[in-house]
Every structure is written in C-alpha cells, then in structure tokens.
Amino acid sequence: MGKKKTLAGVLLAVATLTVAGCSGGGTPSAETATVPADPNEVAGTITVLTHRTDLVQNGAMDAYAAEFKKIYPKVKVKFEGLTDYEGEVKIRMNTDDYGDVLMIPAAVSKNDYPKFFAPLGPAGELTAKYRFSDKTDVGGKVYGIAQFGTANGFVYNKSVWKKAGVTKWPTTPQEFLAGLRAIKSRTGAVPYYTNFKDGWPLVQWGGNLGSVTCDSDAGNKLAGPVSPWKQGGELNVSDTLLHDIVKGGLSEKDPNTTNWEASKGMVAKGEIGTMMLGSWSITQMRDAAEKAGAKPGDIGFMPFPAQKDGAFCATVVSDYQQAVNIHSEHKGAARAWIDWFTEKSGYSAKEGAVPTMKSAPMPDTLKDYVDNDVTFVERSETRTGQVNAIDNAAEIGLNTPDYRQKLIDIARGAQSGSLQDFFADLDKRWDEAAKTAGS
C-alpha cells in the first residue's frame with residue numbers, strides 16, 4: 001500500500017461520532033497527556049492505529065518501536081494497520097476502543113476534538129515548537145501533533161514532459177492544459193491520472209487552497225457566506241482546471257478503473273505523465289521507479305500553475321495529526337510515543353516530508369522548489385472548526401472525494417449539468433449553511 005488507501009465514505013454523520021464519543025464508561029478524563037521526566041516511570045502496552053499498512057507489513061513500524069523501547073523500556077507498542085483507515089476508525093469511534101494513539105480522522109469536526117482526544121498542551125507552547133499546531137487548537141489547547149507536513153503540487157515524469165516539448169513549469173492553467181495536450185499528441189502516456197476509483201487522491205486538490213493567491217489565510221476566509229466557487233476564487237480556479245483536464249480528454253479513459261498502487265509504477269515508467277499529490281508521494285514514486293528498473297531522477301514535482309508577482313507559491317499543510325485517545329489508560333506512554341515519533345524517529349526525513357519540527361530543514365525531495373524560489377505558504381487552520389461546520393451543514397465534503405468525483409462525472413458526461421451550474425449550486429449550499437453553522 002502507499003501512504004493512504006482510501007478516504008471513501010468519510011461523510012459519516014458527524015453527529016454519530018459526537019454522541020458516541022463518551023460512551024461506555026461515563027465522562028472520560030480530560031487531563032493533559034504528559035510524559036514523566038523519568039523514562040522508567042513510563043509504562044504500559046499501547047496500541048497505535050495507522051494507515052501505513054505497508055510499514056506494518058514490512059516490519060518498519062516494529063523497527064521504530066524497537067528504537068523507542070531503548071528509551072522507554074517499560075512500554076510495549078503494538079500496531080494496527082487499517083486498509084480503509086477513515087472508514088474503520090470512524091466506526092470504532094462510536095465506542096471507547098480506538099487505540100491509544102491514532103491519526104485524527106477527517107470525519108471528526110475540529111470543535112469535537114475535546115470529546116475524543118486528550119489535550120497535549122497549551123497552544124502557545126506547542127506552536128513555538130511545531131508547525132501546524134493551529135490545526136488542532138481548540139480553546140487554546142492542542143489535541144494533535146502532525147506526523148509531518150506536505151507541500152502541494154503535481155508529481156510528474158520529467159522525461160514524459162520533456163518528450164512532449166515542455167521543459168519549463170507552466171505558469172497558468174492554460175499553459176498546463178497545453179502541456180497535457182502535448183503529452184497526449186507526442187507521447188504514449190496518459191497525460192493526467194485522476195485516481196478517481198480510490199477517491200482519496202482527489203482530496204489532494206484541496207491542498208492548493210492558498211497556492212493561487214499566496215495567502216496563508218485562504219482556508220480561514222471560507223468561514224462565512226463567501227461563495228467559495230465564485231469566479232476568480234481559489235476553489236473555482238483549481239476545480240475548473242480538474243474539470244477542464246477531464247473534459248478535454250486528457251485523463252484516463254475510464255476513471256472507474258483507476259488503481260492507486262498501480263499508478264505509482266505507471267508514473268515511474270512514463271505511462272502516466274502527471275498526478276496531483278502532496279510532496280509525501282515523491283519518495284514512493286521514486287521507490288516505484290527503482291523497483292521498475294526506471295530512473296528515480298525522472299520523478300519531479302511542480303507547483304500549481306499560477307503565479308503572483310512572477311513567483312510560484314506552494315501551500316504547506318499538515319498531514320495526519322497523531323492524537324491520544326481520551327479513554328486511554330496509558331496516556332503518558334501514548335504521549336511519549338507521539339513525541340518520540342515526531343522528534344526522534346527520523347520518519348519525516350525518511351518520507352521526504354516537510355518536518356513538523358520548526359527547527360528542521362526542508363527535505364531534499366523539495367530541492368526543485370527551493371532552487372526555483374517557490375514560496376512556501378503555511379496555511380493557517382485557526383478557523384477550521386467554523387469551516388468544517390459550514391461544510392458539514394452544506395453536505396459538500398471539502399475533505400472527501402465525493403464532490404470532485406461528481407465534478408469529474410459532469411466533465412466526462414456521466415452526469416448531466418454544466419460546470420457553472422455545479423459551482424452555483426455549491427455556492428448556494430455553502431452560503432445558506434454559513435447563515436446557521438460555523439458562527
């Protein structure tokens with residue numbers, strides 16, 4: 001498996017989670033999960049839920065646990081690798097049994113974090129040390145620490161684009177589409193691959209929010225009746241590009257047959273030109289190239305085709321945030337694992353990801369961005385709770401694949417309607433929901 005398997009069906013009624021979060025044992029303890037100064041005072045067996053089934057299966061997670069045990073000898077770490085992480089965890093969160101450490105599922109509204117997770121410390125303290133802390137800041141307390149961050153952009157095969165005659169990054173959506181058309185006419189590669197069937201890669205398009213305008217507040221600005229898909233809006237720009245790719249016949253012929261695992265090898269071998277993914281994917285694509293006997297150096301990463309004042313911007317956002325189950329009987333051990341995994345394990349560097357630690361340098365995987373002066377925009381998440389509430393009330397699903405799957409279906413003629421009507425409906429639902437939700 002790759003980094004994630006699926007986000008399908010994320011839109012579980014959030015009310016189900018919020019009602020059940022404290023079931024089975026009265027009101028759980030909300031004390032801050034802290035680590036005793038003496039490692040020998042940290043004890044217990046903890047279960048870590050993870051979406052990285054590949055790392056569980058190949059023994060990599062056990063190797064991390066062995067290193068952790070050298071510091072905390074009285075803690076035993078067990079892993080549960082979940083193929084449909086989002087789908088399985090959201091069901092388990094209707095009980096008290098959802099591990100000791102888990103990645104916060106997208107189905108849980110930010111404002112509900114205190115019902116499910118133990119606080120990890122005051123926002124001021126953790127923000128000084130870690131990136132992305134505002135994503136889980138509720139009432140001045142932080143409830144999750146990012147495993148790492150990811151910069152947004154397109155993973156692409158450099159040889160395919162070069163064969164098509166495109167050697168410079170496109171600076172506008174129109175130039176990007178022209179590049180894909182050149183790939184279609186001059187190479188045998190699929191210009192763009194949607195990963196429609198697995199679904200979750202479509203959520204990656206939302207990571208562009210902030211890239212078009214270079215605005216770290218782009219996400220916060222959705223908190224209100226602001227018609228996010230109006231002409232010129234960031235979501236309008238990115239979703240229009242996805243629509244035009246598909247409508248122009250520049251993606252795979254049948255999106256219902258896409259396969260995430262297979263797509264990695266297809267990009268590596270030059271059978272696919274481009275995919276929208278976070279920078280976390282670069283190492284996986286390069287590994288796939290090595291396994292396929294192709295050139296890892298052919299795997300490149302380009303920013304979204306938009307510039308401000310002649311420069312590219314790339315949003316940097318949090319990946320999954322690790323949290324401590326509020327029902328855990330070993331909160332100290334659980335917190336010790338999170339701290340160690342974030343700061344000492346080397347996981348972020350190995351994955352080629354943006355480090356959570358502010359003191360750590362950018363990874364080599366983003367060398368092209370650094371060398372070409374791409375501006376990294378760390379997107380603020382301070383109003384995510386309000387945005388989530390509007391999104392849930394509008395039943396759109398910004399963090400799920402659903403509405404972009406419908407967008408693709410409209411573009412390929414599998415559903416009736418126009419892009420303009422689709423955007424108008426989204427704006428209407430958003431603005432109506434904003435009148436009663438998210439305030």
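- Side-chain atoms of N388 and D391 form no donor-acceptor pair, as typed in the model, at a separation below 3.5 Å.
- At least one donor-acceptor pair under 3.5 Å links the side chain of E252 to the backbone N or O of T194.
- When atom types are taken as modelled, the side chain of Y192 and the backbone of M276 share a donor-acceptor pair closer than 3.5 angstrom.
- Annotation: side chain of H327 is in contact with side chain of Y98 (closest heavy-atom distance under 4.5 Å).
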As a quick check of understanding, evaluate side chain to side chain contact (heavy atoms under 4.5 Å, CB included) for N325 and V101, giving each step before the final call. CA-CA 6 Å; N325 182 348; V101 175; over 6 Å; no
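- Y193 places a side-chain N or O within donor-acceptor distance of the main-chain N or O of N259, the cut-off being under 3.5 Å.
- Judged by distance alone, the side chain of R379 and the main-chain N or O of L209 form a donor-acceptor pair under 3.5 Å.
- If you take OH on Y143 and NZ on K115, they are separated by 12.0 Å, rounding to the nearest 0.5 Å.
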Please evaluate residues N152 and S211 with respect to the criterion side chain to side chain donor-acceptor pair (under 3.5 Å), reporting the C-alpha separation (whole Å), side-chain torsions for both, the decisive distance (0.1 Å), and the verdict. CA-CA 8 Å; N152 222 56; S211 294; 5.4 Å; no
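- Side-chain atoms of S345 and E67 include no donor-acceptor pair closer than 3.5 Å.
- For the atom pair W430 CH2 and L235 CG, the distance stands at 8.0 Å (nearest 0.5 Å).
- I326 places none of its side-chain heavy atoms less than 4.5 Å from the side chain of F117.
- For NZ of K141, the number of neighbouring non-hydrogen atoms (other residues, nucleotides, ligands) closer than 6.0 Å is 12 at most.
- Electrostatic pairing of K367 and D371 counts as a salt bridge here, judged by a charged N lying under 4.0 Å from a carboxylate O.
- Less than 6.0 angstrom separates the ring centroid of F176 from the ring centroid of W161.
- A donor-acceptor pair under 3.5 Å links the side-chain atoms of N372 to the main chain of D368, judged by distance alone.
- Under the 4.5 Å side-chain criterion, counting only non-hydrogen atoms from C-beta, E80 is in contact with R92.
- Contact annotation: the side chain of F132 approaches that of V316 to within less than 4.5 Å [non-hydrogen atoms, C-beta and beyond].
- Under the 30°/60° scheme for interplanar angles, the aromatic rings of W340 and W337 are found to be tilted.
- Comment: E261 engages K264 in a salt bridge, judged by a side-chain N to carboxylate O separation of less than 4.0 angstrom.
- Within a 6.0 Å radius of NZ in K78, no more than 12 heavy atoms belonging to other residues, nucleotides or ligands are found.
- Contact record, A333 with A43: CB-O, 3.9 Å, taken as the closest heavy-atom pair.
- Scanning both residues, L202 and Q405, for their nearest heavy atoms gives CD1-CG, 3.4 Å.
- Centroid-to-centroid, the aromatic rings of F196 and W205 stay 6.0 Å apart or farther.
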For V267 and M275, run side chain to side chain contact (heavy atoms under 4.5 Å, CB included): C-alpha distance rounded to whole Å, both residues' side-chain angles, the deciding distance at 0.1 Å, then the answer. CA-CA 8 Å; V267 171; M275 294 196 292; 3.5 Å; yes
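- Salt bridge annotation for K230-D427: absent, with no cationic side-chain nitrogen under 4.0 angstrom from a carboxylate oxygen.
- Residue Q415 qualifies as enclosed at atom CD: its count of foreign heavy atoms under 6.0 Å is above 12.
- Enclosure of atom NZ in K428 is not indicated, since only 12 or fewer non-hydrogen atoms of other residues, nucleotides or ligands lie within 6.0 angstrom.
- With 3.5 Å as the limit, one finds a donor-acceptor pair spanning the side chains of D431 and S227.
- Here the straight-line distance linking atom CD1 of I91 with atom CD of E86 works out to 11.5 Å at 0.5 Å rounding.
- Using a 4.0 Å cut-off between a side-chain N of Lys or Arg and a carboxylate O of Asp or Glu, K291 and D287 do not qualify as a salt bridge.
- Counting only N and O atoms by type, the side chains of T213 and E234 include a donor and acceptor under 3.5 Å apart.
- Residues L241 and P305 meet the side-chain proximity criterion, which asks for heavy atoms closer than 4.5 Å.
- For Y156 and F301, the distance between ring centers is not under 6.0 angstrom.
- Partner of T150 under the side-chain hydrogen bond (donor to acceptor under 3.5 Å, both in side chains) criterion, chosen from S281, S318, S279: S279.
- A distance-only check finds no donor-acceptor pair linking the side chain of R335 to the backbone of V324 [under 3.5 Å].
- Remark: the D402 side chain and the T400 side chain contain an N/O donor-acceptor pair separated by less than 3.5 Å.
- Salt bridge absent: K331 and D100 never bring a charged side-chain N and a carboxylate O closer than 4.0 Å.
- If you check the side chains of T382 and N220, you find a donor sitting under 3.5 Å from an acceptor.
- For S216 (side chain) and V377 (main-chain N/O), no donor-acceptor pair under 3.5 Å exists by modelled atom type.
- At least one side-chain heavy atom of T47 sits under 4.5 Å from a side-chain heavy atom of L49.
- Within the 3.5 Å criterion, the main-chain N or O of D198 finds no donor-acceptor partner in the side chain of N195.
- Side-chain contact check for Q147 versus T342: every heavy-atom pair is 4.5 Å or farther apart.
- For residues 129-138, the pairs satisfying side chain to side chain donor-acceptor pair (under 3.5 Å) are K129-E343, Y130-E343, D134-S380, with sequence neighbours left out.
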Please walk me through it: do F422 and Y403 pass side chain to side chain contact (heavy atoms under 4.5 Å, CB included)? CA-CA 10 Å; F422 181 58; Y403 94 83; 3.9 Å; yes
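- Panel note: side chain Q322, backbone D339; no donor-acceptor pair is recorded below 3.5 Å.
- Here NZ of K74 is found 5.0 Å from CG of N40. Values are rounded to the nearest 0.5 Å.
- Between F304 and F154, the ring-plane angle classifies as parallel under the 30° and 60° cut-offs.
- A distance of 6.0 Å or more separates the ring centres of F148 and W280.
- Note on residues 262-291: no pairs pass disulfide (SG to SG under 2.5 Å), not counting sequence neighbours.
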Stepwise, does the side chain to side chain contact (heavy atoms under 4.5 Å, CB included) test hold for T258 with S263? CA-CA 8 Å; T258 62; S263 74; over 6 Å; no
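- Between Y64 and F68, the gap from one ring centroid to the other reaches at least 6.0 Å.
- Taken to the nearest 0.5 Å, the OG1 atom of T384 stands 9.5 Å off from the CG atom of L222.
- Contact check for P355 versus P363: side-chain heavy atoms found under the 4.5 Å cut-off.
- Scanning both residues, V142 and A123, for their nearest heavy atoms gives CG2-CA, 3.6 Å.
- Within the structure, side chain to side chain donor-acceptor pair (under 3.5 Å) pairs that include any residue of residues 353-365 do not occur (at least two apart or interchain).
- Rounded to the nearest 0.5 angstrom, Y85 OH and T50 OG1 are separated by 7.5 Å.
- A donor-acceptor pair is defined here as one N or O able to donate and one able to accept, closer than 3.5 Å; such a pair exists between the side chain of N236 and the backbone of W229.
- A donor atom on one side chain and an acceptor atom on the other are found under 3.5 Å apart for R52 and Y347.
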